[in-house]
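In what follows, chains carry the letters A, B, and so on, assigned in the order in which the sequence lines appear, proteins first and then strands, with residues in each chain numbered from 1. For the numbers below, each heavy atom of this structure counts, side chains included, while hydrogens, waters and symmetry mates do not.
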Amino acid sequence: MRSKLISMEEAVKNYTWDGMTFAHGGALPVGSDCIAFFREMVRQGVKDINCISNCNTQGSNLLAGAGLMKRMEVGFSGLEVYGFANGLKRAVESGKTILEDYSNGAIPLRLLGGALGWPFVPTFMNTGGDQQWCSADDPESYPNTKKIPEITDPFTGKKMGAFKSIVPDVAAIHVTMADIYGNAIMLGTEWSRFELSRAAKKVVLQADYIVDTDCMRQFPNLVRIPDLCVDAVVYWPMGVWPACSTGVYDSDEEHMFMMNSMLKTEEGTKEYIEKFVNSYKTPEDFQNVIGAEKVKALTNTATAFLMDPYRKWIKTEQEIKQLMERR
Amino acid sequence: MRSKLISMEEAVKNYTWDGMTFAHGGALPVGSDCIAFFREMVRQGVKDINCISNCNTQGSNLLAGAGLMKRMEVGFSGLEVYGFANGLKRAVESGKTILEDYSNGAIPLRLLGGALGWPFVPTFMNTGGDQQWCSADDPESYPNTKKIPEITDPFTGKKMGAFKSIVPDVAAIHVTMADIYGNAIMLGTEWSRFELSRAAKKVVLQADYIVDTDCMRQFPNLVRIPDLCVDAVVYWPMGVWPACSTGVYDSDEEHMFMMNSMLKTEEGTKEYIEKFVNSYKTPEDFQNVIGAEKVKALTNTATAFLMDPYRKWIKTEQEIKQLMERR
Amino acid sequence: MDYSKNEMMAIATGREFKDGELAIFGVGLSMLAGFFAQRNHAPNLIAFTEGGVYGSTPVGGLPWGIEDNRISANATSFTNAIDALGMLVASGRVDNAVIGAAQIDKYGNVNTTGIWTEGTQPWKVGKYTLPKVRLNGSGGANEIAVGAKKYLIMAAHEKKRFADKVDYISSPGYITGGNAREKYGFPGGGPSAIITNLGILRPDPQTKEFYLDAYFTFSSVEEIIANTGWELKVSPNVKAVPEPTQQELDNLRAVDVTGSLRKK
Amino acid sequence: MDYSKNEMMAIATGREFKDGELAIFGVGLSMLAGFFAQRNHAPNLIAFTEGGVYGSTPVGGLPWGIEDNRISANATSFTNAIDALGMLVASGRVDNAVIGAAQIDKYGNVNTTGIWTEGTQPWKVGKYTLPKVRLNGSGGANEIAVGAKKYLIMAAHEKKRFADKVDYISSPGYITGGNAREKYGFPGGGPSAIITNLGILRPDPQTKEFYLDAYFTFSSVEEIIANTGWELKVSPNVKAVPEPTQQELDNLRAVDVTGSLRKK
């Protein structure tokens with residue numbers, strides 16, 4: 001099998017385009033999303049994105065704040081204890097981004113439906129309330145009957161709702177460890193990454209570590225995303241920053257608040273992009289943008305022990321450079 | 001939290017009853033099913049079992065051969081390369097066991113539906129063929145329209161089928177490792193054990209090893225069955241014998257064939273039960289029934305390295321005895 | 001009074017959790033109330049978060065999110081959202097939970113999605129219009145609302161939050177009251193109490209309209225009525241909620257390491 | 001002839017796998033044919049088994065089952081049945097596969113469930129009756145039949161197996177022929193070939209009835225017609241299947257370590 005290891009720049013160039021349906025994962029406000037991939041999307045100015053988000057994250061907050069998100073389907077549009085997502089909030093309130101509301105249980109089930117090749121999934125979630133009755137895509141009809149239509153259980157005759165399955169064009173997924181073929185291990189909650197990796201037409205992984213395939217053979221039950229689901233692998237340490245990657249680094253409280261407050265305004269967003277998106281090219285530069293001391297503090301996480309069983313298979317920067325050149 | 005560790009005898013006494021809907025897992029003909037639990041069911045003579053099997057195994061083969069299985073829903077009723085399951089075959093051909101046919105993809109999805117609290121799951125599987133048109137429960141109607149009824153996708157108007165979800169009364173599940181609270185790690189394919197552990201009203205684990213909870217805290221992503229899904233834990237080494245447990249022992253080719261040929265007849269089945277069911281009481285006796293040399297040969301498996309990361313947390317026989325007494 | 005209103009609210013919420021219940025905790029106040037209950041009177045309360053994080057307790061301070069490393073550092077199991085929200089919550093297996101509310105109405109319907117200019121609410125104008133203020137959406141609270149056997153709603157008691165009808169139903173309570181939930185076949189039973197910083201409201205068994213059941217000693221029936229946006233019915237047996245015991249305060253403060261609830 | 005009929009059948013089956021395809025292997029002959037293809041001409045053929053066993057090759061002999069330790073010893077990933085059979089196979093993602101058959105009819109419908117006494121078949125008597133001989137059921141073959149973009153059917157060529165109509169459809173092929181599959185919305189395309197120990201049958205593009213496309217050099221059109229239970233149509237361009245090359249035989253035998261196919 002051939003190596004799927006490519007650069008972040010290539011990954012965004014080859015796997016994103018204007019107007020695409022893009023999904024991301026973890027898609028958790030404080031943990032394990034492909035934030036670095038979003039930064040590169042913003043740098044390359046991919047626009048009119050139809051974004052499938054389980055939850056909003058600083059990645060979708062940035063994309064929306066930069067005016068690049070045309071539409072979003074989401075279960076939770078905030079940043080949990082870090083507050084409202086100002087970039088997204090501004091885009092939605094101004095009408096720049098059309099937001100179609102679901103819940104945190106709904107998006108994973110709709111991805112499950114996509115993964116299984118079902119056109120719909122039965123549900124009790126999101127019925128009897130305004131996720132069902134309001135549709136941002138079809139605003140004129142209230143109560144809406146097409147977004148989450150009523151169906152009948154053929155066995156009991158009881159009524160319930162139906163979710164439309166989701167098949168994203170591309171999913172960018174953060175993983176803790178990947179080998180060069182795309183076998184991947186996630187530490188911490190999978191959230192909806194397992195279903196997403198099967199639902200999307202193309203899958204790009206963003207990994208904190210590149211490990212040897214021997215690691216996968218020792219822990220095959222941990223490899224929840226096998227190579228055959230994956231099209232490309234990008235090595236990008238601290239790629240979830242300023243959010244956290246379980247086992248690797250904590251969330252950067254200072255930057256989480258600062259970033260979110262800068263995204264409040266267009267000017268602030270421009271400034272943020274200058275300082276934290278256009279200010280680096282390589283993963284090495286990126287570390288400098290974060291700052292060595294900050295990286296040291298954040299990687300000193302109480303979850304670090306979760307990585308211990310796998311450290312001996314971690315590829316060095318040098319080995320990874322060689323693997324990239326060898327393609 | 002209290003220990004859920006109990007003896008095999010107690011487990012079958014407390015969690016099985018005549019006429020119950022019983023599900024088992026792995027439910028793979030050659031791997032990782034709770035065969036020891038089935039032996040105890042046969043010893044205690046639990047009867048009229050409504051058996052939910054993803055596949056037949058030597059456990060369901062024995063239960064049916066012993067005349068204790070009233071009905072079965074199953075995707076595959078054989079023993080793969082080990083041939084037809086003679087005990088089950090005899091029970092079905094004689095009309096003693098009513099067998100309702102599905103497929104290997106169907107049973108897991110029906111358990112998924114049960115786990116999610118859905119009354120049905122949409123499907124393309126098992127439609128356009130005799131799993132849909134024939135019903136052993138409702139034999140007079142052909143083509144049958146109630147077993148896998150036709151439903152309509154509310155978004156496209158296209159037709160598809162619907163499976164009835166399954167909620168077993170009790171599931172007995174083999175796992176490689178469990179702690180005394182019911183946190184469990186499976187090595188090898190999960191088959192449908194994850195869904196089963198959420199679909200069943202009660203769950204009993206049969207474990208090759210009891211490990212310390214520290215093992216679970218080191219590998220939380222491997223703990224696919226958390227304690228809150230589990231009612232009881234039984235320690236039973238070689239519990240899958242004569243089939244295989246990935247990472248622990250291979251299938252016993254000689255016994256697989258011998259057992260299956262003995263199950264061909266009622267007499268042979270009686271003899272098998274005498275020799276391999278009523279011939280032991282404790283896990284220790286059970287090892288002697290298998291034979292020390294055989295155990296040595298079977299545990300010398302090419303998959304043994306898969307257990308290496310966890311060995312330091314394995315509880316000794318002595319520690320387990322103490323844990324049992326402490327209750 | 002040697003405790004804060006938020007501490008009273010957290011303790012009153014914690015008292016609603018019984019030993020041995022299966023519960024899902026959110027972040028913030030809800031998690032503090034839950035872990036307080038576990039420490040104080042419900043040692044066998046089994047809790048998890050909506051990401052499928054099992055068997056863990058916070059480390060190094062209150063988590064910033066349900067997937068924060070602070071709640072992942074000592075977990076016994078990590079699974080996924082379909083497991084936690086689909087198989088355990090929406091399916092009807094969870095006994096108890098806590099959700100928050102930006103707006104709440106007399107039937108316990110919760111709005112966390114947006115605030116509309118009066119008169120422009122979708123249910124009033126018969127179409128979906130943009131909210132004046134976009135909030136966070138339902139998150140996993142909708143799954144709790146449809147699936148939990150019972151659940152608690154926590155909210156600061158203010159007239160503008162306690163509306164006769166919410167602008168948007170993010171998490172359905174009893175919808176239009178009575179047996180309105182039955183039409184949707186929800187596995188869950190609906191909200192069992194609204195616990196505020198002033199007192200406790202409970203649903204009428206028939207009408208499902210929330211009435212005032214009890215007030216905190218630092219508040220009063222009058223204050224609560226004055227801060228409720230609908231004509232709040234008062235129980236004939238309305239009573240004062242017992243003040244926190246020293247043991248309860250000690251246990252709460254042991255959980256609230258950062259003292260986030262102390263501020264009065 | 002320095003090869004066996006089974007070896008010819010395995011090689012002819014292997015030739016149908018193209019490099020880069022995503023394939024699911026069963027046990028026995030099907031797995032040998034697949035791994036032969038991978039070794040011989042399709043190095044990037046990606047294969048998995050229905051248990052969600054990925055990236056592995058057999059160790060210590062041919063596996064007794066798709067979950068046997070012999071196929072689990074060097075896997076890169078273990079998941080589950082819903083992943084493998086639901087998300088990869090039934091969903092329409094798999095390019096190619098092989099299934100076996102106890103009985104097969106002119107439209108490629110496969111029976112692996114039971115054999116009925118002539119005249120008592122459910123489709124004849126209009127009710128479900130007990131089979132005379134209970135077989136193994138469909139296993140994962142039904143998911144392949146509904147979901148795989150294309151798949152191959154392997155069977156020993158005997159008149160009683162090759163029936164005008166199978167007793168029971170365990171895995172639907174083209175059902176009643178023509179576009180009959182469309183009614184069911186199957187994601188998959190149906191069977192692309194029936195490969196026997198005598199030759200290769202392929203479906204007519206319109207009628208979907210299987211005709212004789214090619215015969216093995218040790219067989220003949222006449223022998224194949226004589227061993228087929230329906231009036232087998234013969235392609236005007238019917239041809240001999242090229243004999244195995246030495247390289248093909250070497251690669252097959254390197255995979256068939258136990259020589260299970262050698263027996264003539």
- To the nearest 0.5 Å, tell me how far B/L79 CG sits from D/N136 CG. 7.5 Å
- Query: Can you find a pair of side-chain heavy atoms, one from B/F76 and one from D/S138, that are under 4.5 Å apart?
  - Reply: no
- Task: Would you mind checking which part of D/R181 comes under 4.5 Å of any heavy atom in chain B, side chain (CB onward), backbone (N, CA, C, O), both or neither?
- Result: neither
- What part of B/F305 gets closer than 4.5 Å to chain D, counting heavy atoms only: side chain, backbone, both or neither? side chain
- Starting from the C-alpha separation in whole Å, work towards a yes-or-no answer on side-chain contact (heavy atoms from CB on, under 4.5 Å) for D/F186 and B/M160. CA-CA 9 Å; D/F186 295 149; B/M160 59 193 302; over 6 Å; no
- Message: Can you tell me which of D/V53, D/V133, D/L62 forms the most heavy-atom pairs within a distance under 4.5 Å of chain B?
- Response: D/V133
- Item | Heavy-atom contact with chain B under 4.5 Å, split by part of D/I66 | both
- Query: So which part of B/S251 gets closer than 4.5 Å to some heavy atom of chain D, the side chain, the backbone, both or neither?
  - Reply: side chain
- Query: Looking at CD1 of D/I169 and CG of B/N126, how far apart are the two atoms once the value is rounded to the nearest 0.5 Å?
  - Reply: 12.5 Å
- Query: Hey, what do you get for CG (B/N104) to CG (D/L85), rounding to the nearest 0.5 Å?
  - Reply: 6.5 Å
- Answer with side chain, backbone, both or neither: which region of B/L306 has an atom nearer than 4.5 Å to a non-hydrogen atom of chain D? side chain
- Could you tell me which portion of D/S72 (side chain, backbone, both or neither) has an atom closer than 4.5 angstrom to a non-hydrogen atom of chain B? both
- Task: Check whether any side-chain heavy atom of B/W191 sits under 4.5 Å from a side-chain heavy atom of D/E50, and report yes or no.
- Result: yes
- Item | Student check: side-chain heavy atoms of D/F78 and B/E190 closer than 4.5 Å | no
- Residue B/T123 versus chain D: region with a heavy atom under 4.5 Å: neither
- Is there side-chain contact between B/K89 and D/L135, with at least one heavy-atom pair below 4.5 Å? no
- Message: Quick test of your reading of the model: are D/E67 and B/R193 salt-bridged, counting only N-O distances below 4.0 Å?
- Response: no
- Query: Taking side chain as C-beta onward, heavy atoms only, is B/S103 less than 4.5 Å from D/E143?
  - Reply: yes
- In terms of the angle between their ring planes, are B/Y82 and D/W64 parallel, tilted or perpendicular, with boundaries placed at 30° and 60°? parallel
- Query: Mind checking whether B/E93 and D/L130 have side chains closer than 4.5 Å, heavy atoms only?
  - Reply: no
- Query: Quick one: what part of B/T301 sits under 4.5 Å from any heavy atom of chain D, side chain, backbone, both or neither?
  - Reply: side chain
- Query: For D/P187, is it the side chain, the backbone, both, or neither that has a heavy atom closer than 4.5 Å to a heavy atom of chain B?
  - Reply: side chain
- Query: If you draw a 6.0 Å radius around NZ in B/K146, do more than 12 non-hydrogen atoms from other residues or ligands fall strictly inside?
  - Reply: no
- Note: vs chain B, highest number of non-hydrogen pairs under 4.5 angstrom among D/P122, D/G52, D/G185 is D/P122
- Note on the structure: When rounded to the nearest 0.5 Å, the distance separating CD1 of D/I71 from OG1 of B/T189 is 12.5 Å
- Task: Identify whether the distance between the nearest side-chain nitrogen and carboxylate oxygen of B/D138 and D/K127 falls below 4.0 Å.
- Result: no
- Message: Run D/R70 and B/E80 through salt bridge (Lys or Arg N to Asp or Glu O under 4.0 Å) and show every step you take.
- Response: CA-CA 14 Å; D/R70 287 178 171 179; B/E80 294 184 272; over 6 Å; no
- Query: Is D/N80 reaching over with its side chain to a backbone N or O of B/S192, donor-acceptor style, under 3.5 angstrom?
  - Reply: no
- Taking side chain as C-beta onward, heavy atoms only, is D/Y184 less than 4.5 Å from B/K158? no
- Can you tell if the side chain of B/D130 reaches within under 4.5 Å of the side chain of D/Y128, non-hydrogen atoms only? no
- Message: Heavy-atom cut-off 4.5 Å, strictly under: side chain, backbone, both or neither for D/T129 against chain B?
- Response: neither
- Crowding at NZ, B/K96 (>12 non-hydrogen neighbours, <6.0 Å): no
- Message: side-chain contact (heavy atoms from CB on, under 4.5 Å), that's the test. Do D/T113 and B/D101 meet it? Break it down for me.
- Response: CA-CA 8 Å; D/T113 302; B/D101 273 292; 3.5 Å; yes
- Note on the structure: Okay, D/V89 and chain B: the region with an atom under 4.5 Å from a heavy atom over there is neither
- Between D/G126, D/G26, D/G86, the one whose heavy-atom pairs under 4.5 Å with chain B are most numerous: D/G126
- Query: Where on B/S245 is there a heavy atom nearer than 4.5 Å to chain D: the side chain, the backbone, both, or neither?
  - Reply: backbone
- Task: Under 4.5 Å, counting heavy-atom pairs only, tell me which of D/N109, D/I175, D/T79 racks up the most with chain B.
- Result: D/T79
- Message: With rounding to the nearest 0.5 angstrom, report the CG to CG distance, D/N69 to B/L187.
- Response: 10.0 Å
- Note on the structure: Nearest heavy-atom approach of D/A81 to B/P108 is CB-CG, 3.9 Å
- Stepwise side-chain contact (heavy atoms from CB on, under 4.5 Å) check, D/N142 with B/Y102: CA-CA 9 Å; D/N142 183 274; B/Y102 287 91; over 6 Å; no
